[in-house]
**Q** 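Let me begin by handing over the structure; questions about it come next.
Throughout, protein chains are lettered first and strands after them, A, B, ... in sequence-line order, and every chain is numbered starting at 1. Quick caveat: nothing in here was measured; it's all calculated off a predicted structure.
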Amino acid sequence: MNSSLLSGLNPEQRQAVTLPHQSALILAGAGSGKTRVLTTRIAYLISTGAVSPQGILAVTFTNKAAKEMVTRLSAMLPINTRGMWFGTFHGLCNRMLRAHHRDANLPQSFQILDSGDQLSAIKRLMKAMNVDDEKYPPREVQNFISSSKEQGLRANEVEAFDPYTRRKVEIFAEYDAQCQREGVVDFSELLLRCYELLSRNAAIREHYQERFKHILVDEFQDTNKLQYQWLKLLAGDKNALFAVGDDDQSIYAFRGANVGNMQQLTRDFHVENVIKLEQNYRSHGNILDAANALIQNNRNRLGKNLWTAENGGEQLRVYEAATDVDEAAFIVDEIKQLHSEGVNLKEIALLYRSNAQSRVLEHALVSAGLSYRVYGGLRFFERQEIKHALAYLRLMENTDDDNALLRIINFPTRGIGTRSIEQLQEAAKQNNTTLFDAAARAGGKVSAFVALIESLRSATRELPLPEIIDHVLQRSGLIAHYQNETGVKKREAEERLENLNELINAAALFVHENEDDSLTSFLTHASLEAGEHQAGDQDDALHLMTVHSSKGLEFHTVFITGLEEGLFPHQNSQREDGGLDEERRLMYVAITRARRRLYLSFAQSRMLHGQVSYGMVSSFLRELPEGLLHWITPRVTARNSFASSKSTPVSPLLSGGVLAPSPENGRAGEELGWRIGQRVFHQKFGEGVITGVEGSGADARVQVNFKRAGSKWLALEYAKLTAM
DNA sequence: CGCACGTGGTTTTTT
DNA sequence: ACCACGTGCG
């Protein structure tokens, strides 16, 4: 065994890496070397001869994480990583389903629907079923279907006690039937179908159980019920399930992640000792102390406390801005300062709770000439022109794919209108065939389309992948279509042409990197790895992203912005069970992204949904120990008195200006000294902010958004309000 | 067919 | 405020 593998590991990491053949739960805090432990464990198992590389199944959630593991493993051991089963849940299920497509009752070249494809399939089906899409919004139906599948439930297993749900179940059943006819599977179907394959087919199940002696799972706290069942099935009663996760970083309950799987695993697999990795190698002490203090407010934690050998470092810098624009201006100033001190822009992240918040920040950054990258936009394989190109390829591969046909039968336009398409759908239904078959029997322009697809197919049969795509792009008319764009759309079309060209490059790269360079394989790749947004790693640019997408990353300096009650924690989270705890975990994730410097900022007012809204400081900020914080803006506890607020700013201590009240509200009640944005205290309701003023004299009323009690209208004559 | 205008919604997201 | 989507007109 290569003993250098273990050098540099702390005792807990070493214990985890060198565990005997048994199932384990590794509770790995932020920055505790989780990925290192996972990959070193694999390297350890292989190099001690405990298992061959083929005997390992390593599962992650993202392709990026899977790639990272392979890269790090091959740096540790000189092994051929090809043929190893490292991948995402979806990727691995896809692999099994391709290998056993007959047993899974799927065509060999089944196609994968991404969420967008799934939604259009559902809309199309609902139209055919005459379902009122006002009463049953397609998105809701989609959620219903996906979340049912993610619980491991088929349509006939979903409990439906009311007519509304029963109808959705009917749509669910029809949808699955439609997918089956068309030879396509959606994301959750990949998992469910694979689970069913393994549970129903003993021979296949035993084959894989025999093979995968060690199953390792990353980000285990993010697994849903179905994923856990799938893992259990593969583990059987002999194999070792090595799960690494952090319950404090569980931020995906809204998409079905079930933290309870961690507890469940310890029971199901008789895990006696949960190994905790609590030493953090990322952040300075004050940052960790803040994170620890915050997360201690959560109930039902498995429990762990991060510590570091580093010193305390700086205090956390807190800034209270008058407006969102001022907040952005402050951030820009600080970034300029940091940059001049030698901190690279790419070592700085601006985090926010919701995407809409990036706008103001971007505006300020553009004006300041600072380069930045926003994460989480439209991804390469999701672009319209790419989806069109792929639809041609998919239809060539599988003519049953009605989704693909409908996308391109009239794009570029070839005179096949809604009427003709309806006739086709009618005919297909009558003869119980696919749209393509129906089209083959039609005449005129429709048959010309069929001929086009046939000719694309025969002309490209012998060509290598990039040339197939090139041919299709040319002959389908896609290229010509975008080349013919003029006027305002010219620029957009040029970009689309570039992307189409990039698709050929992507195919060339794919052929270079993959053994299986078939079209089916490439199409699968396109669905399952929608592609990182852009390369651009070498540019020195700031990172702008939601707190969610920051998970797993780290930066020298982090700005957590918009720390206002209602925004972060988000308003909508209050309604959901355990919602506030999840928001707190989100804040925990945000804090622990920072290595050296952390800024926390909030604004007294910000533009939200086209309206100025007034918020209070986030309760999360109040949960941080004062001693760790350095208030850059003076800490204000008693605000200007009530009489003076008429003509002076809400807070005279603010550096920036103050919001002008909207005219109609500004007059009303103003003579009493109350105005929008004013912070007030009420004996019964506590702290709040005035969000509306109405009437005058004895009739004057104010609307106050109370932190605890919510929004209320109060008659000024009776209510005892004090300015804060 | 394609554009213009109107309407509703607006937390987080990977596969 | 802004965007995505759908309908109706030229």
**Q** Check A:Lys551 with A:Asp222, please: is the shortest side-chain N to carboxylate O separation under 4.0 Å?
**A**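 Looking at A:Lys551 together with A:Asp222, the answer is yes, because their closest N to O distance falls below 4.0 Å.
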**Q** Any idea which of B:dT11, B:dT13, B:dT14 is nearest the A:Ser354 side chain?
**A**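 Of the candidates, B:dT11 comes closest.
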**Q** Could you give all pairs that pass the salt bridge (charged side-chain N to carboxylate O under 4.0 Å, His left out) test and reach residues 111-120 of chain A, with sequence neighbours left out?
**A**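 Passing the test, one end in residues 111-120 of chain A: A:Asp114-A:Lys387, A:Asp117-A:Lys387, A:Asp117-A:Arg394.
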**Q** I need the full list of salt bridge (charged side-chain N to carboxylate O under 4.0 Å, His left out) pairs touching residues 349-367 of chain A, with sequence neighbours left out, sorted by first then second residue.
**A**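 Checked against salt bridge (charged side-chain N to carboxylate O under 4.0 Å, His left out) - neighbours excluded - the pairs reaching residues 349-367 of chain A are A:Arg353-A:Glu583.
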**Q** Who pairs with A:Arg575 by salt bridge (charged side-chain N to carboxylate O under 4.0 Å, His left out), at least two apart in sequence or on another chain?
**A**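 Result, salt bridge (charged side-chain N to carboxylate O under 4.0 Å, His left out) vs A:Arg575: none returned.
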**Q** Examine B:dT13: is either OP1 or OP2 under 4.0 Å from a nitrogen or oxygen in the side chain of A:Ser549? Give yes or no.
**A**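 Looking at the OP1 and OP2 atoms of B:dT13, one of them is under 4.0 Å from a side-chain N or O of A:Ser549.
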**Q** What integer distance in Å separates A:Met96:CE from B:dT15:P?
**A**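 Going from CE in A:Met96 over to P in B:dT15 covers 19 Å.
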**Q** A:Leu608: which residues meet the side-chain contact (heavy atoms from CB on, under 4.5 Å) condition with it, sequence neighbours left out?
**A**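 Residues passing side-chain contact (heavy atoms from CB on, under 4.5 Å) with A:Leu608: A:Arg606, A:Ser613.
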**Q** Does A:Thr546 have a side-chain nitrogen or oxygen under 4.0 Å from the phosphate oxygens OP1 or OP2 of B:dT13?
**A**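 Answer yes for this pair, as a side-chain N or O of A:Thr546 is under 4.0 Å from OP1 or OP2.
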**Q** Both A:Ala356 and A:Leu528 contact DNA chain B. Which one's nearest nucleotide lies toward the 5' end?
**A**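 The answer here is A:Ala356.
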**Q** Look at the side-chain N and O atoms of A:Asn355 and state whether any lies under 4.0 Å from the OP1 or OP2 oxygen of B:dT11.
**A**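 Answer no for this pair, as no side-chain N or O of A:Asn355 is under 4.0 Å from OP1 or OP2.
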**Q** Send over the distance from A:Met587 CE to B:dT12 C1', rounded to a whole Å.
**A**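 My rounded result for the distance is 16 Å.
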**Q** Please tabulate, one pair per line, each protein N/O and nucleotide N/O from nucleotides 4-8 of chain B that are separated by under 3.5 Å, including the distance.
**A**
none

**Q** Would you say A:Asn572 reaches B:dT12's phosphate, i.e. side-chain N/O to OP1/OP2 under 4.0 Å?
**A**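 No, A:Asn572 has no side-chain N/O under 4.0 Å of OP1/OP2 on B:dT12.
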**Q** Return the set of residues passing salt bridge (charged side-chain N to carboxylate O under 4.0 Å, His left out) with A:Glu554 (not counting sequence neighbours), or none when no residue passes.
**A**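 Residues passing salt bridge (charged side-chain N to carboxylate O under 4.0 Å, His left out) with A:Glu554: A:Arg282, A:Arg595.
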**Q** Rounded to whole angstrom units, what separation is found between the CG atom of A:Leu378 and the C1' atom of B:dT14?
**A**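 Rounding to the nearest Å, CG of A:Leu378 and C1' of B:dT14 are 15 Å apart.
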**Q** If the condition is salt bridge (charged side-chain N to carboxylate O under 4.0 Å, His left out), which residues does A:Glu397 pass it with, not counting sequence neighbours?
**A**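 With sequence neighbours excluded, A:Glu397 shows a salt bridge (charged side-chain N to carboxylate O under 4.0 Å, His left out) to no residue whatsoever.
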**Q** Can you name the residues that form a salt bridge (charged side-chain N to carboxylate O under 4.0 Å, His left out) with A:Asp581, not counting sequence neighbours?
**A**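 Testing A:Asp581 for salt bridge (charged side-chain N to carboxylate O under 4.0 Å, His left out), a comparison that skips the adjacent residues, returns A:Arg584.
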**Q** At under 4.0 Å between heavy atoms, what does A:Leu351 touch on the DNA or RNA strands: base, sugar-phosphate, or nothing?
**A**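 Nothing, no nucleic acid heavy atom in range.
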**Q** Can you tell me, in whole Å, how much space there is between the C1' of C:dG6 and that of B:dT11?
**A**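 The same atom, C1', in both gives a distance of 25 Å.
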**Q** From CD of A:Glu219 over to P of B:dT14, roughly how many Å is that when rounded to an integer?
**A**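 These atoms are roughly 13 Å apart.
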**Q** Charged N to carboxylate O under 4.0 angstrom, A:Glu140 versus A:Lys135?
**A**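 Looking at A:Glu140 and A:Lys135, the cut-off is not met.
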**Q** Using a heavy-atom cut-off of under 4.0 Å over every strand shown, decide if A:Glu576 touches base, sugar-phosphate, or nothing.
**A**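 Base, at least one base atom sits under 4.0 Å.
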**Q** Can you list, in residue-number order, the parts of residues 248-258 of chain A that come under 4.0 Å of DNA chain B, counting heavy atoms only?
**A**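 Heavy-atom cutoff 4.0 Å gives A:Tyr252, A:Phe254, A:Arg255.
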**Q** Round to a whole Å and report the spacing from CD of A:Gln118 to P of B:dT13.
**A**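 Rounded to whole Å, this separation is 18 Å.
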**Q** By ring-ring contact (aromatic ring centres under 6.0 Å, His included), which residues pair with A:Tyr252, not counting sequence neighbours?
**A**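 Listed in chain order: A:Phe254, A:His548.
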**Q** Using atom CZ of A:Arg575 as one end and atom P of B:dT11 as the other, report the distance to the nearest whole Å.
**A**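 Answer to the nearest Å: 12 Å.
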**Q** Indicate, with a heavy-atom threshold strictly under 4.0 Å, whether A:Asn410 touches base, sugar-phosphate, or nothing.
**A**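 Counting heavy atoms under 4.0 Å across all strands, the contact made by A:Asn410 is with sugar-phosphate only.
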**Q** Examine B:dG9: is either OP1 or OP2 under 4.0 Å from a nitrogen or oxygen in the side chain of A:Arg139? Give yes or no.
**A**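 False: A:Arg139 side-chain N/O out of range (4.0 Å or more) of B:dG9 OP1/OP2.
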**Q** When you list every nucleotide of DNA chain C with an atom under 4.0 Å from a heavy atom of chain A, which one comes first 5' to 3', and which comes last?
**A**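 Boundary nucleotides touching chain A, in 5' to 3' order, are C:dA1 to C:dG6.
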**Q** Do A:Asn224 and A:Arg255 have side-chain N/O donor and acceptor atoms under 3.5 Å apart?
**A**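 No - no donor-acceptor pair under 3.5 Å links their side chains.
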**Q** Which pairs, with at least one residue in residues 413-423 of chain A and sequence neighbours excluded, count as a side-chain hydrogen bond (donor to acceptor under 3.5 Å, both in side chains)?
**A**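 side-chain hydrogen bond (donor to acceptor under 3.5 Å, both in side chains) check on residues 413-423 of chain A returns A:Tyr392-A:Arg414.
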**Q** Hey, does A:Asp186 reach any base, or is it just sugar-phosphate, or nothing, if we go heavy atoms under 4.0 Å?
**A**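 A:Asp186: no heavy atom of the nucleic acid under 4.0 Å.
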**Q** In whole angstroms, how far is the C1' atom of B:dT12 from the CD atom of A:Gln574?
**A**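 Rounded to the whole Å, the gap is 15 Å.
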**Q** Taking B:dT13 as the reference, what is the distance to C:dA4 when you measure between their P atoms (whole Å, please)?
**A**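 Pairwise P distance, C:dA4 against B:dT13, rounds to 16 Å.
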**Q** Within 45° of the six-membered ring axis of A:Phe110 and under 6.0 Å from that ring's centre, is NZ or CZ of A:Arg98 located there?
**A**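 Judged by the rule, A:Arg98 and A:Phe110 form a cation-pi pair.
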**Q** Is the phosphate of B:dG2, meaning OP1 or OP2, less than 4.0 Å from a side-chain N or O of A:Thr413?
**A**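 Looking at the OP1 and OP2 atoms of B:dG2, one of them is under 4.0 Å from a side-chain N or O of A:Thr413.
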**Q** Are A:His570 and B:dT11 stacked, counting the six-membered base ring, centres under 5.5 Å, planes under 30°?
**A**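 According to the criterion (under 5.5 Å, under 30°), yes, A:His570 stacks.
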**Q** On the side chain of A:Ser115, is there an atom forming a donor-acceptor pair with the base of B:dT15 - under 3.5 Å, no angle test?
**A**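 In this structure, the two groups form a donor-acceptor pair.
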**Q** Can you tell me how far C1' of B:dC1 sits from NE2 of A:His481, to the nearest Å?
**A**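 About 11 Å, once rounded to whole Å.
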